[in-house]
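Here the structure is laid out as structure tokens; the discussion comes afterwards.
First listed ligand is number 1; within each ligand, the first listed atom is number 1.
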Amino acid sequence: MEIQKLLKNKDNLKPLPDESCLGFGIHFTDHMFRMDYSDVKGWHEPKITVYGNFHLDPAAVVLHYGQAIFEGLKAYRGSDKRIRLFRPKENAKRLNRSAWRMCMPQMDEDAFIAAIRELVQVESRWVPSLKGTSLYIRPFIIASEPFLGVRPAKKYIFSIILTPVGAYYSEGFNPVKIFVTDKFVRAAKGGVGEAKTAGNYAASLMASEEAKKLGFTQVLWLDAAQRKYVEEVGTMNIFFLIDDTLVTPALSGSILPGITRDSVLTLSRDWGIRVEERPISIDEVMNSAESGHLKECFGTGTAAVISPVGSLYYKGKSYEVNGGKTGELAERLFDEITGIQYGEKDDRFGWIEFVDQAGS
Ligand SMILES: *Cc1c(COP(=O)(O)O)cnc(C)c1O
């Protein structure tokens, strides 16, 4: 794939933000990637251009019928200054699965990774070095064809934007308070819950706003049919350490198949921990919390890697997990995964891809 580069003049580049207060998704880099699709030409004209607005027709399908999917991954700068990507091939595969589900065009996995590589290389000065910081990569596809009517669009834009993000735990782990909702649901089996598609997040806003008003950080979602089985926490997958067994809901069709989830399962199995992917009911979670068998609970996702849960609130009752403190396994998993991402630990599973490729 030949990527055309239409870059800014060196003296027009944006000043870099302070690495100690980057936040998340606030600053955007100087350039972006863009490639167009039409049913006639397929994917064409890949280019890196100056970061800026899209020209979209007000009738663009994405604005009315929500054909939109995205991915999220990060570029990490190691102490050796080299920039690493973590399992980008998995993002490529998942983008294609989301595309399939939303009747959108798929793309070549290697082209997806090549586009990320080239863009991050162009923007390498934006990859921060401070411990725990990274450059968040947001690839996405939207339906751009101007057409009112419900059928798959014939034109799409694939784009990648980049935003430097701060350390999630600059002041140490902070176990979160979770509200278990049995009123709202995120996704139903047969629906689009396992696709990373825009509408899922719009659908989740009401529940999380309600939870926040009540003083909670995140919502724990139950299954749509029975409000009985645990699904996810906020926009993360969820894990429970019950006695010595690590339990996470099986991928049932309504759960997003997280890459961090898969990494946690792989590492835990490798460490000899008993792991179960199975339906887990909210009653089982609450009973094991009450009887002292629930040792740990944490969410997993690219943004935070591991997010320890300190308490769960369900049907008017609050249940503390591990005395509201971060558990040993959560800490160990966090250290191992971030260690691999920043090149401080051995990449035993071949998860790292270097952006510059040399020596990889
Ligand atoms: C992206 C996402 C996750 C986490 O996936 P990772 O690949 O681990 O970042 C989990 N749940 C939802 C709903 C998500 O959108």
Side-chain angles (χ1 to χ4, degrees), residues 24-25 66 68-76 85-99 101-102 109 112-113 116 134-141 163 165 168 176 178 181 184-189 191-208 211 217-224 229-240 246 248-268 277 297-309 330 333-334 336-338 340-341 349 351-353:
F24 195 100
I69 57 174
F70 67 93
E71 272 303 322
L73 67 163
K74 287 171 167 180
Y76 309 86
L85 303 172
F86 185 71
R87 310 186 70 183
K89 188 120 185 159
E90 298 305 315
N91 296 96
K93 287 189 207 155
R94 190 170 63 190
L95 184 77
N96 277 339
R97 288 199 304 272
S98 298
R101 181 62 183 84
M102 303 306 289
E109 288 169 17
F112 172 89
I113 296 172
I116 290 176
S134 56
L135 185 67
Y136 185 80
I137 304 165
R138 167 55 56 87
F140 60 104
I141 306 177
T163 167
V165 298
Y168 215 85
V176 292
I178 299 299
T181 178
F184 298 109
V185 295
R186 194 189 85 88
K189 279 186 186 48
V192 294
E194 61 185 347
K196 231 171 158 68
T197 184
N200 285 339
Y201 305 84
S204 76
L205 294 175
M206 177 68 84
S208 65
T217 322
Q218 287 278 14
V219 173
L220 190 144
W221 303 102
L222 302 178
D223 78 280
Y229 294 101
V230 172
E231 297 228 313
E232 296 197 58
V233 59
T235 56
M236 289 184 287
N237 296 112
I238 190 154
F239 284 82
F240 304 95
L246 188 62
T248 193
L251 298 177
S252 57
S254 50
I255 293 173
L256 201 287
I259 296 162
T260 320
R261 174 186 182 277
D262 184 76
S263 307
V264 162
L265 290 172
T266 302
L267 285 170
S268 300
E277 292 176 75
C297 175
F298 52 84
T300 66
T302 296
V305 186
I306 303 286
S307 175
V309 171
L333 284 163
F334 180 82
E336 185 70 22
I337 294 173
T338 56
I340 294 170
Q341 289 168 337
F349 301 97
W351 285 344
I352 294 299
E353 292 213 27

Nitrogen or oxygen of Leu256 less than 3.5 angstrom from that of ligand 1: no
Mind checking whether Asn237 has an N or O less than 3.5 Å away from an N or O of ligand 1? no
Please tell me whether Phe70 and Tyr201 form a close aromatic pair, meaning their ring centres lie under 6.0 Å apart. yes
Just which atoms of ligand 1 are under 4.0 Å from any heavy atom in Gly258? 5 (O), 6 (P), 7 (O), 8 (O)
Proximal atoms of ligand 1 relative to Lys196 (non-hydrogen, under 4.0 Å): 1 (C), 2 (C), 3 (C), 14 (C), 15 (O)
If the plane angle is over 60° it's perpendicular, under 30° parallel, otherwise tilted; pick one for Phe298 and Phe239. parallel
Which heavy atom of [X] sits nearest a heavy atom of [Y], and at what distance?
X      : Y      : result
Leu85  : Ile116 : CD1-CG2, 3.9 Å
Ile137 : Ala75  : CD1-N, 3.9 Å
Arg138 : Glu71  : NE-O, 2.9 Å

What is the nearest protein non-hydrogen atom to [atom], stated with its residue, atom name and distance?
atom                    : value
atom 15 (O) of ligand 1 : Tyr201 OH, 2.4 Å
atom 9 (O) of ligand 1  : Thr302 OG1, 2.6 Å
atom 8 (O) of ligand 1  : Thr260 OG1, 2.6 Å
atom 3 (C) of ligand 1  : Thr235 O, 3.4 Å

Please work out which of Arg186, Glu71, Glu231, Glu90 has its closest non-hydrogen atom nearest to atom 13 (C) of ligand 1. Arg186
Which is closest to atom 12 (C) of ligand 1 in terms of heavy atoms, Glu232, Arg261, Arg94? Glu232
Can a donor-acceptor pair be found between the side chains of Thr197 and Arg101 at a distance below 3.5 Å? no
When you measure from the side chain of Asn237 to the backbone of Gly258, do you find a donor-acceptor pair of N or O atoms at a distance under 3.5 Å? yes
